[in-house]
Amino acid sequence: QVQLVESGGGLVQPGGSLRLSCAASGFTFSSAWMSWYRQTPGKGRELIATISGSGDSTDYADSVKGRFTISRDNAKNTVYLQLNRLKPEDTAVYYCKAPLLTSWGQGTQVTVSS
């Protein structure tokens with residue numbers, strides 16, 4: 001079965017950085033495009049970044065472009081999201097997902113506050 005386990009979230013001050021990880025299993029990871037989403041209370045999940053199976057193509061939402069970087073290590077079946085120059089409005093639960101599959105992980109909380 002598909003499993004996605006997000007980690008790396010925490011409390012950080014505005015302007016700080018975090019690196020999120022998503023460990024995947026149960027599908028052919030290296031051929032799968034992967035995405036990161038985030039969700040705030042009362043809001044739907046926002047697509048913020050996507051990466052191709054090989055890692056040679058990426059796409060970002062305008063709200064995070066230039067600050068966040070998606071990457072992957074296919075040998076480790078892991079996708080990453082580097083969050084830089086964090087703002088309070090980045091506070092959310094962050095999730096990874098394979099776009100063509102239906103499963104979600106538990107998410108990891110990112111809180112940006114002084």
Side-chain angles (χ1 to χ4, degrees):
Q1 64 182 30
V2 174
Q3 289 187 291
L4 300 166
V5 181
E6 300 94 340
S7 62
L11 175 64
V12 64
Q13 295 185 26
S17 298
L18 286 172
R19 190 187 193 192
L20 309 183
S21 298
C22 172
S25 62
F27 62 100
T28 304
F29 180 79
S30 62
S31 67
W33 290 61
M34 295 294 296
S35 295
W36 283 94
Y37 292 72
R38 66 186 182 187
Q39 184 172 17
T40 55
K43 303 289 186 179
R45 288 177 182 173
E46 175 191 12
L47 175 64
I48 57 174
T50 300
I51 188 168
S52 63
S54 66
D56 61 347
S57 296
T58 58
D59 194 33
Y60 299 91
D62 288 343
S63 58
V64 307
K65 191 172 297 183
R67 298 188 298 119
F68 293 5
T69 303
I70 188 170
S71 62
R72 67 194 298 158
D73 185 342
N74 286 346
K76 297 182 182 295
N77 279 16
T78 301
V79 62
Y80 305 95
L81 188 67
Q82 179 69 41
L83 292 68
N84 294 330
R85 304 197 309 279
L86 283 161
K87 306 173 181 178
E89 51 262 48
D90 294 320
T91 296
V93 179
Y94 285 72
Y95 300 86
C96 65
K97 184 181 182 295
L100 298 181
L101 301 176
T102 60
S103 296
W104 296 89
Q106 83 289 347
T108 186
Q109 175 72 49
V110 172
T111 302
V112 185
S113 176
S114 60

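Throughout, residue positions are numbered sequentially from 1 according to the sequence presented.
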TODO: Please report the shortest heavy-atom distance between Thr108 and Gly8, naming the atom on each side.
DONE: OG1-N, 3.9 Å
Task: Between Trp36 and Phe68, ring centroids under 6.0 Å - done: no
Task: From CD1 (Ile48) to OH (Tyr94), nearest 0.5 Å - done: 5.0 Å
TODO: Indicate yes or no: at least one non-hydrogen side-chain atom of Ser103 is less than 4.5 angstrom from one of Gln3.
DONE: no
TODO: To the nearest 0.5 Å, tell me how far Leu83 CG sits from Arg19 CZ.
DONE: 11.5 Å
Open item on the list: Regarding Ser63 and Glu46, do their side chains bring together a donor and an acceptor under 3.5 Å, going by distance alone?
Closed with: yes
TODO: Following the transitive rule for hydrophobic clusters with a side-chain heavy-atom cut-off under 4.5 Å over Ile, Leu, Val, Met, Phe, Trp and Tyr, establish whether Phe27 and Tyr37 coincide in one cluster.
DONE: no
Open item on the list: Same cluster or not: Leu11 versus Val112, using hydrophobic residues (I, L, V, M, F, W, Y) connected whenever any side-chain heavy atoms lie under 4.5 Å apart?
Closed with: no
Open item on the list: In this structure, would Val110 and Val5 fall into the same cluster of hydrophobic residues linked by side-chain contacts under 4.5 Å?
Closed with: no
Task: Closest heavy-atom pair and its distance - Pro99, Trp33 - done: CD-O, 2.9 Å
Task: Arg45 side, atom CZ; Ser35 side, atom OG - distance, nearest 0.5 Å - done: 13.0 Å
Task: Heavy-atom closest contact (Ile51 atom, Ser71 atom, distance) - done: CD1-CA, 3.6 Å
Task: Smallest separation among heavy atoms of Ala49 and Tyr60, with atom names - done: CB-CD2, 3.8 Å
Open item on the list: Are Val93 and Ile70 connected into the same hydrophobic cluster when the rule is that any two of I, L, V, M, F, W, Y join if their side-chain heavy atoms are below 4.5 Å apart?
Closed with: no
Open item on the list: salt bridge (Lys or Arg N to Asp or Glu O under 4.0 Å), that's the test. Do Asp90 and Lys87 meet it? Break it down for me.
Closed with: CA-CA 5 Å; Asp90 294 320; Lys87 306 173 181 178; over 6 Å; no
TODO: To the nearest 0.5 Å, tell me how far Arg72 CZ sits from Leu81 CG.
DONE: 13.5 Å
Task: Whether Glu6 side chain and Gln106 backbone form a donor-acceptor pair below 3.5 Å - done: yes
Open item on the list: Test your reading of the model: is there a side-chain donor-acceptor pair from Arg67 to the backbone of Arg85, 3.5 Å cut-off?
Closed with: yes
Task: Close side-chain approach of Arg38 to Val64, heavy-atom, < 4.5 Å - done: yes
- [ ] Could you walk me through whether Thr102 and Lys97 pass the side-chain contact (heavy atoms from CB on, under 4.5 Å) test, one step at a time?
- [x] CA-CA 8 Å; Thr102 60; Lys97 184 181 182 295; 5.7 Å; no
- [ ] Using modelled atom types only, decide if a donor and an acceptor are shared between the side chain of Asn74 and the backbone of Phe29 within a distance under 3.5 Å.
- [x] no
TODO: Starting at CG of Leu20, measure out to CD of Gln82 and round the result to the nearest 0.5 Å.
DONE: 8.5 Å
- [ ] Report the distance from atom CD of Gln13 to atom CG of Leu86, rounding to the nearest 0.5 Å.
- [x] 11.5 Å
Open item on the list: Taking Ala23's backbone N and O only, do any of them form a donor-acceptor pair with Thr78's side chain (distance below 3.5 Å, no angle check)?
Closed with: no
TODO: Would you name the heavy atoms of Ser17 and Asn84 that are closest together and state the gap between them?
DONE: OG-OD1, 2.9 Å
Open item on the list: Are Met34 and Trp104 linked, directly or through intermediate hydrophobic residues, by side-chain heavy-atom contacts shorter than 4.5 Å (ILVMFWY only)?
Closed with: no
